[in-house]
2 protein chains.
Amino acid sequence: MAARDYGQFDGITRAVELVGERWALLIVRDLLVGPRRYGELAAGLPRIPTNILATRLKELQAAGVIRRAPRSRIIIYELTDYGRELEPVVLALGNWGFKTLGDPRDEQILTADAMAITLRGAFRPEVAASLPATSYGARFSSAGLLISVDGTSLSVKRGDGPADLAFAAGPGIHRLISGELGAHQALATGVVELLDGDRALLGRFAETFHVAA
Amino acid sequence: MAARDYGQFDGITRAVELVGERWALLIVRDLLVGPRRYGELAAGLPRIPTNILATRLKELQAAGVIRRAPRSRIIIYELTDYGRELEPVVLALGNWGFKTLGDPRDEQILTADAMAITLRGAFRPEVAASLPATSYGARFSSAGLLISVDGTSLSVKRGDGPADLAFAAGPGIHRLISGELGAHQALATGVVELLDGDRALLGRFAETFHVAA
DNA sequence: CGGGATCCCTTAGGATACTG
DNA sequence: CAGTATCCTAAGGGATCCCG
C-alpha cells in the first residue's frame, strides 16, 4: 500500500495511516457503541459500498484496531483495547465537528450509533451530578437508544424499554443539544416528539447533554 | 463535492468531511506549530503533490479551519480560532499513533514540525513542575527546534539558538520518548547526538517528554 | 522565486451484481 | 447474511510548466 504511505515517521502520520482512510473513523464510531455484525455496520452506514466496508474491516483488523470474533456461527466485529483508546479522540473530534453542523440536508440521516457517540461527547458529568438519576428512551428512524444517567456516570445503549422520558427525534435534535432551541421549543416545533413520560424531563436532558457552539 | 459526502448528520461525520481528506490533518499539524508559507508547507510535506496541497489549502479555507493572510507581499497560511481548537484532538491522535510506531523505514522522515507536535503531546507538566526550568535545542535534518520548559509551561518553536542542551536527532528519537531507550543508551547508540551542553540533561528531557506504550 | 496551474497516469472509491 | 467480483468514475500521485 504505497498510496496510503505519507513517508513520515510520527504519531499523527501513523494515526492517519491507521484510521484516516475514508469511512474508517465512522466504523470506529459505531463500534465504540458496541460490537456489531457486518450487516449492522452496513445498515448504520447506508452509503458505504459493501466492498469498501469489507476492505476497511480487513485494514482495521490488520492495524490492530478491531478484531473479528466468531460468536457461535456469526461473526462479530469489535474494537481491540488499542482501538478503544480512540474513544476520547473520537468524542473530541465529534464535539469539534458538532459545533459547525449547519442545518441537516434532506438526505442526511442521524443513526442511533452516531447519536450515542454524540451524547457521550456532550455529556456533562458536573451538571448531571446534581440532578436526580434519570433514564431516557430515544427513538430514531433506525433504532432506539436507552440512555441512563446516574450521578456522574452515563450509559448509552441500543435498545428499547421503559424510561422516565421517551421521545422520538431526527437530525434536528442537534439544535436542542447546542442550546439553539430550548426544551419546550424543541417540542413545539416538532424537533423532538414526546412519546411517554414527563415532558419537563426534556429540559433536564438538554442540561445534561450540551455542546457549546 | 458529492464524493466526500457521507450522507450523515453528526459531529464526527462533519469533522471527517472537514479534515478527513488525505494530507489535511498533516497540514493542520504543521500549522499548529506556527503560520507557514506555501513553500514551507510543501517542504515539510515532501511527498505531497503540489496540486493536492493547493486543493487542500482551499478546502480547509472554505471549511473555516485555516486562513490566507497576506503579509506585505507574501502569503501566509494560519489556523483560524476554529482550526486551533483541533489542537487537543491532534495531540491526542498523535499520542495514540505514537504508541504503535514501529521502527522507522529508510524513506520515513521526521520533520521539525512533526517533532514539535510530538513534544507538545508528550509533555508532562506534572513532571516538569518539579524540575528546574530548562531549554533544549534540537536539530533535525530539516530544521531546528527551540524547546523551553519552565514549570508547567512549554514552548516549542522553530529556530536555532543557545540552549542548556543542544542535540541532533532523527526518527529514532521516538525510542527515547517511549522509554524504550534510556538517555545514555540513546547517546551511546547514536540515536541522539550531543551537540552542546550537559549530557545529563538528556535524562531530564526524557522525563519531561514521555508517551507510554 | 514563491505560489500555484496543467498534464497524464495510477489507484482508490462508488454502484451494482453475484456467490458460498 | 456476509461478504466477492466487476465495472466505471473520480481523486490522488508525479512531473512539468506558468505567471506575477
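In what follows, every chain begins at residue 1, and chains take the letters A, B, ... in the order their sequences are listed.
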Look at the side chain of B:Arg56 and decide which nucleotide, out of C:dG4, C:dG14, D:dA11, has an atom nearest to it.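 The listed nucleotide nearest to B:Arg56's side chain is D:dA11.
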Options C:dG14, D:dG3, C:dG4, nucleotide nearest the side-chain atoms of B:Tyr77: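 Looking only at heavy atoms from C-beta outward on B:Tyr77, the closest nucleotide is C:dG4.
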What does B:Ile75 touch in the nucleic acid at a heavy-atom separation under 4.0 angstrom: a base, only the sugar-phosphate, or nothing?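 Contact class for B:Ile75: sugar-phosphate only.
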[N] [atom2] sits how many Å from [X] [atom1], rounded?
X	N	atom1	atom2	answer
B:Arg47	D:dA15	CZ	P	11 Å
A:Glu17	D:dG12	CD	P	16 Å
A:Tyr6	D:dG14	OH	P	12 Å
B:Glu40	C:dG4	CD	C1'	16 Å
A:Leu57	D:dA2	CG	C1'	11 Å
B:Asp5	D:dA10	CG	P	15 Å
A:Leu45	C:dG13	CG	C1'	14 Å
B:Ile76	C:dG2	CD1	P	12 Å

Roughly how far, to the nearest 0.5 Å, is CZ of A:Arg14 from CG of B:Leu101?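 If I round to the nearest 0.5 Å, the distance is 6.5 Å.
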Test side-chain contact (heavy atoms from CB on, under 4.5 Å) on B:Leu154 and B:Ile147; report intermediate values, then the result. CA-CA 7 Å; B:Leu154 166 69; B:Ile147 304 148; 3.9 Å; yes
Going by side-chain hydrogen bond (donor to acceptor under 3.5 Å, both in side chains), name the residues that satisfy it together with [X], two or more places apart in sequence or in a different chain.
X	answer
A:Thr134	A:Arg204
B:Thr13	A:Arg29, B:Asp10
B:Ser141	none

Please confirm whether the shortest side-chain N or O distance from [X] to OP1 or OP2 of [N] is below 4.0 Å.
X	N	answer
A:Trp23	C:dG14	yes
B:Arg36	C:dG2	no
A:Arg22	D:dA11	no

Side chains of B:Ser148 and B:Tyr136: do they bring a donor and an acceptor to under 3.5 Å?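 The criterion, which ignores hydrogens and geometry beyond distance, is not satisfied for B:Tyr136 and B:Ser148.
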Quick one: list whatever passes side chain to side chain contact (heavy atoms under 4.5 Å, CB included) with A:Arg105, sequence neighbours left out.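 Expected list: A:Glu107, A:Gln108, B:Asp5.
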Can you list the residues that meet the salt bridge (Lys or Arg N to Asp or Glu O under 4.0 Å) rule with B:Asp30, with sequence neighbours excluded?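 Salt bridge (Lys or Arg N to Asp or Glu O under 4.0 Å) list for B:Asp30, sorted by chain: empty.
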List for me each residue that meets salt bridge (Lys or Arg N to Asp or Glu O under 4.0 Å) alongside A:Glu193, sequence neighbours excluded, and say none if there are none.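 Counting only residues at least two positions away or on another chain, A:Glu193 forms no salt bridge (Lys or Arg N to Asp or Glu O under 4.0 Å).
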Enumerate the salt bridge (Lys or Arg N to Asp or Glu O under 4.0 Å) contacts for residues 133-157 of chain A, please, sequence neighbours excluded, ordered by first and then second residue.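 The answer is A:Arg139-A:Asp160.
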Look for any protein N or O under 3.5 Å of an N or O in nucleotides 4-6 of chain D and output each such pair with its distance, or none.
unit_1, atom_1, unit_2, atom_2, d
D:dT4, OP1, A:Lys58, NZ, 3.4
D:dT4, OP2, A:Lys58, NZ, 3.3
D:dT6, O4, A:Asn51, ND2, 3.3

Base-pairing string, 5' to 3', of DNA chain D - Watson-Crick or wobble, under 3.5 Å, | interstrand: .|||||||||||||||||||
Scan nucleotides 17-20 of chain D against the protein and return all N/O pairs shorter than 3.5 Å with their distances rounded to 0.1 Å.
none

Qualifying residues under ring pair (Phe, Tyr, Trp, His ring centres under 6.0 Å), relative to B:Phe209, sequence neighbours excluded: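 With sequence neighbours excluded, B:Phe209 shows a ring pair (Phe, Tyr, Trp, His ring centres under 6.0 Å) to B:Phe123, B:Phe205, given in chain and number order.
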Using a 3.5 Å cut-off and no angle test, enumerate the donor-acceptor pairs between side-chain atoms of residues 87-95 of chain A and protein atoms at least two apart in sequence or in another chain.
unit_1, atom_1, unit_2, atom_2, d
A:Glu87, OE2, A:Arg120, NH1, 3.0
A:Asn95, ND2, A:Gly121, O, 3.0

